[in-house]
Amino acid sequence: MKITLPDGSEKSFDTQVSAAAVAADIGAGLAKAAIGAKVDGELYDLNRPLPGDCSLAIITRPREDKKGKSKWPNGKPDADALYLLRHSCAHVMAEAICKLWPDTKLAYGPPLDNGFYYDISLDTPISSDDFEKIEAEMKKIVQEDRPFTRYDLDPDTGFPKLEKEGNKYKIDNAKRAFEQGASDLSWYVTGPIESIKSNGLDPLAKPPKVSHFEDLCQGPHAPNTGTIGAFKVMSIASSNWHGDVTSDRFQRVYGTAFFTQADLDEHLENLEQARQRDHRVIGPRLGLYTIDEQVGQGLVLWKPNGAVVRQELQNFIAEHLTRQGYKQVFTPHIGKLGLYKTSGHYPYYQESQYPALVSREQVQSLADEGCSCAQLSSQMEAGEIDGYLLKPMNCPHHIRIFASDKHSYRDLPIRLAEFGTVYRWEQSGELNGMMRVRGMTQDDAHLFCTEDQVADELQGCLELVKIVFNTLGMNDYRVRVGLRDPDSDKYVGEPEQWDKAESACITAAKSLGVPFSSEAGEGAFYGPKIDFVVKDVIGREWQLGTVQVDYQLPIRFDLSYTGADNQPHRPVMIHRAPFGSMERFIGVLIEHFNGAFPLWLSPQQMRVLPISDKFTDYAQEVTDKLKAAGFRVEVDANNERLNAKIKLAQEAKVPYMLVVGGKDKDAGTVSVRHRSEGDRGAVPVEAFIEAAMKERDGRELMES
RNA sequence: GCCAGCAUAGCUCAGUGGUAGAGCAGUUCUUUCGUAAAGAACAGGUCGCGAGUUCAAAUCUCGCUGCUGGCUCCA
C-alpha cells in the first residue's frame with residue numbers, strides 16, 4: 001500500500017499496516033506521541049489497519065510546557081486530538097457509571113467542542129452529589145491505562161449480540177449506522193482484546209467479569225485510557241432520544257477532558273471568568289436592568305442606566321434608518337385575533353403566545369350561557385371566540401398601514417420602521433436574562449417593494465448591519481443564509497421567485513465580508529432569510545437579527561400596488577430586524593464590552609472626583625460645563641478618600657474620572673483618569689470637553 | 001414543559017435539629033485626604049412561599065414559586 005504523508009512524501013508497505021506502524025517507521029518519537037490518525041480526512045484509530053492507498057496524517061498528543069500546559073505544534077489545540085481524548089473519556093465515564101449503577105442503559109455519548117456527554121437511562125437518577133464517586137471510578141480506569149480495542153462484527157453476528165444485550169438504543173444506533181452506509185458493526189473494548197478472545201471470540205458469550213467494558217461505537221478512540229490526562233464530570237441535564245420530547249427521556253451527563261491537569265484548570269478558570277462577564281451578573285450590578293418575580297418571568301425592567309444605553313442605541317439606529325429612507329411608525333401592543341388568523345400566526349403558534357384577551361361582554365354572555373372553562377378553552381382553540389392578542393410580531397400591523405393607502409409602483413419601496421414591542425410565551429426553562437425573554441422590543445421594519453427591488457433592499461438592510469456592527473467593534477458574528485430544501489414541498493411561491501430571492505440573499509451576504517453559510521431547509525416557508533448569529537460568553541449561540549423575504553403575507557392580506565401597466569401587482573415584503581431585539585442585543589453588548597461601554601453608550605460618561613470637600617465648588621463648576629456640553633456626569637461629593645472614589649468609579653465602569661484638587665482649581669484643569677488607561681494628567685477643562693465631544697460624537701471605541 | 005441543582009440582610013456568602021452570623025453596601029460621627037477600599041458606632045432578616053414531622057426546623061419531608069445548567073423550542 002502507498003501512504004501519502006502531509007508533507008507530500010510517500011511511503012510504501014508490502015502488507016496492510018496501521019497508522020501506528022507508519023509512525024514507527026518514521027521515528028520512535030512520533031510513534032510514542034501518536035494517538036490516532038486522519039486517513040483521507042477521516043479520523044482513525046492508531047492501530048486500525050489502513051484501508052489501502054491513502055493520505056495519512058498522524059495525530060499526536062501535545063508536548064507539555066514548564067507549567068504543565070499542553071504545547072501544540074501550531075499554537076492552538078488540535079481539535080482532532082481532543083476529539084479522540086474526549087470520545088474516549090466518554091467511554092470511561094460510561095464504564096464508571098455502569099459499574100456504580102449496573103442497571104444503566106447507555107444510549108449515545110459523543111464528544112463536543114469543549115467536552116463530551118453520555119445520554120444514559122437508569123432507574124435511580126444521578127445527582128451532582130454523585131460526581132465525585134463517578135470521577136473516582138474513572139480515575140481507576142485511567143490509571144489502569146487499558147487499551148481501547150476495536151472489533152467488528154458483521155450484521156448477522158452483531159445484531160443477535162445486540163438483541164441479547166437488550167439495549168434498544170444501541171440496536172437503534174446500529175440500524176442507523178447501516179442506513180448511513182456502514183458495512184460492519186464495531187465495538188470498542190476498554191481493555192485487551194484477549195478479554196474477548198478468552199471466550200473464543202464468541203460475541204454471544206458472557207463477557208468476562210474482570211475489567212471488561214465494551215460499547216457499540218463507531219469510534220475512533222485514543223489508544224489507551226491513560227492518554228486521558230485530566231477530566232471532570234461537569235453537569236447533568238435531561239434529554240430525549242433523538243431530541244424528541246415525546247420519546248424516551250435520558251439523563252445527560254456532561255464531562256470534559258484534557259491532556260493535562262493544567263489545561264483542565266485553565267479551562268475551569270476560563271469558565272469562572274466567563275461567569276463574571278455574564279450579562280446577568282454585570283447587568284444588574286451596573287444598574288442596567290432587573291427582572292422581578294412579581295412583574296413576571298422573562299419581563300425585563302430597564303433601569304435608568306440600561307435605558308440610557310438602549311436609547312442611545314435606538315437613536316443611532318434610527319439615524320441610519322432615516323438616512324436610508326425608512327419612515328417611522330407606531331402601532332399598539334394588541335391586535336384582534338382575526339388579524340392573526342389572516343396572517344396565519346394564530347392558531348399555529350398559539351402555544352408560544354400569551355392567551356387571548358377576551359372582551360368583557362363576551363365573557364359575560366358566555367357565562368350567562370353557562371359555558372364551562374373546558375368549553376371556553378375549546379371554543380378559543382376553534383377560534384370561535386373573538387378577542388385580542390398581545391402582538392407576537394409587528395408585521396400584521398405594518399401591513400395594515402400599507403393597506404390603508406393605495407400605492408403606485410412609483411411609491412415603492414415603502415419602508416416602515418418601528419421599535420415594536422412584542423410578547424411571546426416562551427417556555428419557562430428557555431428564559432435567560434436578557435437573551436431570551438417574554439416581552440421584547442424589536443428593531444423591526446417591513447419593506448414593501450417590487451420583485452426587482454428585492455436585491456437592492458436586501459443590500460440596504462445588510463449595509464445597516466455592517467455600520468452598526470463596525471461601530472460597536474463586533475466582528476465575531478456569523479451569517480447564516482437560510483434556503484429552501486429542494487426536496488420539500490412545504491414552501492410557497494414560484495420556484496423562479498425563490499431562485500431570484502435566494503441568489504439575492506447570497507449576494508447580499510457576500511457583500512458583508514464575513515464568513516457565511518448557506519443552509520438548505522433553513523429558509524422560512526414563505527421565503528429565504530439571512531440571520532446574524534453571535535456567541536455569548538459561555539459559548540452559546542444566539543440569533544440576533546434576521547432579514548427575510550416574504551411572498552406569503554402579501555397574498556394572505558391581498559396587498560397590491562398599481563404598476564406602470566395600470567394593473568394591480570403583488571408587492572414582495574421584506575421583514576428585517578437586524579439586531580433582533582433590544583433586549584438580546586444589549587445583553588450581547590454587555591458581554592461584548594464586559595460592561596465597559598464606549599463613551600457614547602455609557603450611562604454615566606464622567607464622574608468628577610474632588611479630593612476633599614474643599615473643592616466641591618470647583619467640581620460643581622466643572623460638572624456644569626460638562627453638562628452644558630451634553631454629557632452625563634455626576635460629582636462624587638461623598639466624604640471619602642480619593643482612592644475610594646476611584647475604586648467605585650472603576651467598578652461602575654465610568655469612562656472618565658476627573659480628579660480635581662487645589663492644583664486643578666488654580667490652573668483651571670481636571671486631572672483625567674481613563675478607566676482602562678489610568679492617569680492621563682492635568683488637562684484644561686475646555687480641552688478635555690472638546691476631545692470628549694469628538695470621541696462621543698464620533699461614536700469612537702475607547703478600548704481597542 | 002423536562003432532568004438535576006440552588007434559594008439565609010441591598011450584594012457576596014458562613015451556619016448538619018437547640019437564642020440568626022461575617023464582609024461589603026446603608027445611616028451617623030470623626031477625618032479633609034492627589035489616582036483601585038480611612039476609622040468608629042448604629043441599623044438591617046417571618047432564613048423564597050405554604051403545609052407536615054418534632055418538645056424544638058434556616059437545618060428533615062412534601063407541595064409551590066423563582067433562578068442556574070442542559071434538552072426541546074425560538075414565527
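Since this is a predicted model, take the numbers as computed values, not measurements. First the proteins, then the strands, lettered A, B, ... as listed; each starts at 1.
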Pairwise P distance, B:U59 and B:C49 [rounded to whole Å] = 11 Å
Minimal non-hydrogen separation, A:Cys505 against A:Val481, with atom names | CB-CG1, 4.0 Å
If pairing means Watson-Crick or G-U wobble with both distances under 3.5 Å, then the partner of B:C62 is B:G50
Backbone of A:Asp113 reached by a side-chain donor or acceptor of A:Arg86 within 3.5 Å = yes
Gap in Å between the two C1' atoms, one belonging to B:G69 and one to B:U54, rounded | 36 Å
Taking the side chain from A:Arg556 and the backbone from A:Thr342, do they hold a donor-acceptor pair closer than 3.5 Å?
-> yes
Are a donor atom and an acceptor atom from the side chains of A:Tyr526 and A:Gln548 found within less than 3.5 Å of each other?
-> yes
For B:A40, what is the paired nucleotide under Watson-Crick or G-U wobble rules, both distances under 3.5 Å?
-> B:U28
Separation of the P atoms in B:C64 and B:C2, to the nearest angstrom = 9 Å
B:U30 to B:U65 separation - C1' atoms, rounded to the nearest Å = 47 Å
When rounded to the nearest Å, what value does the distance between P atoms of B:A20 and B:A57 take?
-> 11 Å
Determine the contact category for A:Pro125: base if any of its heavy atoms lies under 4.0 Å from a base atom, sugar-phosphate if only primed atoms, P, OP1 or OP2 are that close, otherwise nothing.
-> sugar-phosphate
What do you reckon, are the aromatic ring centroids of A:Phe688 and A:Tyr656 less than 6.0 Å apart?
-> yes
Counting heavy atoms from C-beta on, name the nucleotide in B:G70, B:G1, B:A4 closest to the side chain of A:Val245.
-> B:G1
Using purine N1 to pyrimidine N3 plus N6-O4 or O6-N4 for Watson-Crick, or N1-O2 and O6-N3 for G-U wobble, both under 3.5 Å, which nucleotide pairs with B:C33?
-> none
What string of B, S and - do you get for nucleotides 59-69 of chain B 5' to 3' if you count protein non-hydrogen atoms under 4.0 Å?
-> ------SSSSB
Is a side-chain donor-acceptor pair under 3.5 Å present for A:Thr331 with A:Lys391?
-> yes
Do A:Asp666 and A:Tyr618 come within less than 4.5 Å of each other through their side chains, counting heavy atoms only?
-> no
Would you indicate what A:Phe131 reaches in the nucleic acid, counting non-hydrogen atoms under 4.0 angstrom: base, sugar-phosphate, or nothing?
-> nothing
Once you apply the 3.5 Å cut-off to both distances, tell me the Watson-Crick or G-U wobble partner of B:A4, or none.
-> B:U68
Sub-3.5 Å pairs of nitrogen or oxygen atoms, protein against nucleotides 12-16 of chain B:
none

With distance as the sole criterion, is a donor-acceptor pair present between the side chains of A:His242 and A:Asp172 under 3.5 Å?
-> yes
Euclidean distance for C1', B:A40 against B:A36 (whole angstrom) = 23 Å
Select base, sugar-phosphate, or nothing to describe what A:Gly661 touches, counting heavy atoms under 4.0 Å on all strands.
-> base
Paired nucleotide for B:U16 [Watson-Crick or G-U wobble; both distances under 3.5 Å] = none
Under 3.5 Å, is there a donor-acceptor pair between the A:Asp119 and A:Tyr169 side chains?
-> no
Could you work out which one of B:C3, B:C33, B:A75 sits closest to the side chain of A:Ser612?
-> B:C33
Is it true that a side-chain atom of A:Thr290 and a backbone atom of A:Leu301 form a donor plus acceptor pair closer than 3.5 Å?
-> no
B:C11 pairs with which nucleotide, Watson-Crick or G-U wobble, both distances below 3.5 Å?
-> B:G23
Between the main-chain N or O of A:Pro610 and the side-chain N or O of A:Lys645, is there a donor-acceptor pair closer than 3.5 Å?
-> yes
Go along nucleotides 35-46 of chain B 5' to 3' and tag each nucleotide: B for a protein heavy atom under 4.0 Å from its base, S when only backbone or sugar atoms are that close, - otherwise.
-> BBBB--------
C1' gap between B:A4 and B:A41, integer Å = 46 Å
Interatomic distance at P, B:G15 relative to B:C60, whole Å | 13 Å
